2 protein chains.
Amino acid sequence: MKLSTKGRYAVTAMLDLALHSGEGPITLAEVSGRQHISLSYLEQLFARLRKANLVDSIRGPGGGYELKRPATQISVAEVVLAVNEPITATRCNGKADCQGGDICLSHQLWTELSDQIYQFLSGITLHQVIQRDFVQQVAERQNTRFQEEDLIAFR
Amino acid sequence: MKLSTKGRYAVTAMLDLALHSGEGPITLAEVSGRQHISLSYLEQLFARLRKANLVDSIRGPGGGYELKRPATQISVAEVVLAVNEPITATRCNGKADCQGGDICLSHQLWTELSDQIYQFLSGITLHQVIQRDFVQQVAERQNTRFQEEDLIAFR
DNA sequence: CTCATACCCGAGTATTTTAGTCAACTTTAC
DNA sequence: GTAAAGTTGACTAAAATACTCGGGTATGAG
């Protein structure tokens, strides 16, 4: 379990999809506008999310992305795992072959911690996150702000 | 709470000190030999551990480092925090000022996760780790191996 | 039909972090 | 005095991160 801003971006983007589900396909341009993540970077992330079967893509005009499963059935852990490399070749990972055959003293500890993090993030669905008051409020602000920016752009 | 190999190295080194406490000051050269961490890198790490009041240094011949407090009173979390930058200026950290004033959707989630990780690592002392059979065995192997290498080096 | 819209993909790049190295210096035991 | 240790700061190579850029390709609206 690796934790980086990459995973955060992916989760944020997925939450955006979840918040606007039922409105038809969401374009990455919209997500980019609302969440302030660059379009090209989003494309990279969504390529992975698609391969992980977390989103469906609809091409052509009027196209975009939508969640493949309902938000109640997608855990945060899945999203994070989808965008991070499966098993990084950092020393002391999985195969326990750090220190040339021997195992480093803290090895077991990190394995436990990884499990702990995974457990935590698996227990939380996208739906649960967007139900929170806090998220609802931020989302509300983002919507109005985005509409304003939209108007300005069209002038 | 940041998780990197740097923190792992620090914990491994501290466990080494804990395992050899009561034998007087331990030189970084010994730790380097047993844990296969480069001496210069250890110097960097121990500079921070010293500033964090986790180890005492004894200069001059026969000197080295020892734990400032007994291993039962040092948590893994303290060690990790000591070597990682206090609060990295990565977007979405502490001040919640990502997205230019607004807060990103997943912000709250990561705060919770950080707390979770911190709780887990705070609950574990260096002493608890070295009590484990697994660690004892690895340590035993390391001792014999180090002594062999030592002999070879002196030939 | 066609053309703008949107996803798709691979390569390239700037920045940051990691994981060190190197050199010079200080303290202190013998 | 001298050698063993810690102390400090600057420097660097490699990797990961966080992007950008330039082209594709599918497709639906007009």
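Remember, predicted model here, so these are calculated numbers, not experimental data.
Scanning for side chain to side chain contact (heavy atoms under 4.5 Å, CB included) contacts around Q128(A) gives I124(A), T125(A), with sequence neighbours left out. In this structure, the salt bridge (Lys or Arg N to Asp or Glu O under 4.0 Å) partners of R69(B), at least two apart in sequence or on a different chain, are E78(B). Annotation: side-chain hydrogen bond (donor to acceptor under 3.5 Å, both in side chains) contacts of T27(B) (sequence neighbours excluded): E30(B). Residues meeting the ring pair (Phe, Tyr, Trp, His ring centres under 6.0 Å) test with F120(A), sequence neighbours left out: none. Applying the side chain to side chain contact (heavy atoms under 4.5 Å, CB included) test to A52(A) and every residue at least two apart in sequence or in another chain returns L54(A), A82(A). With sequence neighbours excluded, no residue forms a side chain to side chain contact (heavy atoms under 4.5 Å, CB included) with S21(B).
Closest to the Y41(B) side chain, of the nucleotides dG6(D), dC19(D), dA19(C), is dA19(C).
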Atom pairs and distances, side-chain donor-acceptor, residues 56-67 of chain B, under 3.5 Å, sequence neighbours left out:
residue: D56(B); atom: OD1; partner: K68(B); partner atom: NZ; Å: 3.4

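Between H36(B) atom NE2 and dA19(C) atom C1' the separation is 17 Å, expressed in whole Å. If you measure from atom CG of L39(A) to atom P of dG23(D), you get 17 Å, rounded to the nearest angstrom. Regarding L45(A), its CG atom lies at a distance of 16 Å from the C1' atom of dG10(C), rounded to whole Å. Residue E66(B) contributes atom CD, which lies 12 Å from atom P of dG6(D) at whole-angstrom precision. Atom CZ in R48(A) sits about 18 Å away from atom P in dC7(C), given to the nearest Å.
Taking five base pairs at each end of the helix from dC1(C)-dG30(D) to dC30(C)-dG1(D) and finding the rotation axis that steps the C1' atoms of four pairs onto the next four gives two axes whose angle is 10°, to the nearest 10°.
Shown here for A10(B) and V83(B), the closest heavy-atom pair between the two residues is CB-CG1, 3.5 Å.
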Return the polar atom pairs (N/O with N/O) between nucleotides 3-6 of chain C and the protein under 3.5 Å, or none.
residue: dT5(C); atom: O2; partner: P61(A); partner atom: N; Å: 3.4

Return the polar atom pairs (N/O with N/O) between nucleotides 8-12 of chain D and the protein under 3.5 Å, or none.
residue: dT8(D); atom: OP2; partner: R50(B); partner atom: NH2; Å: 3.3

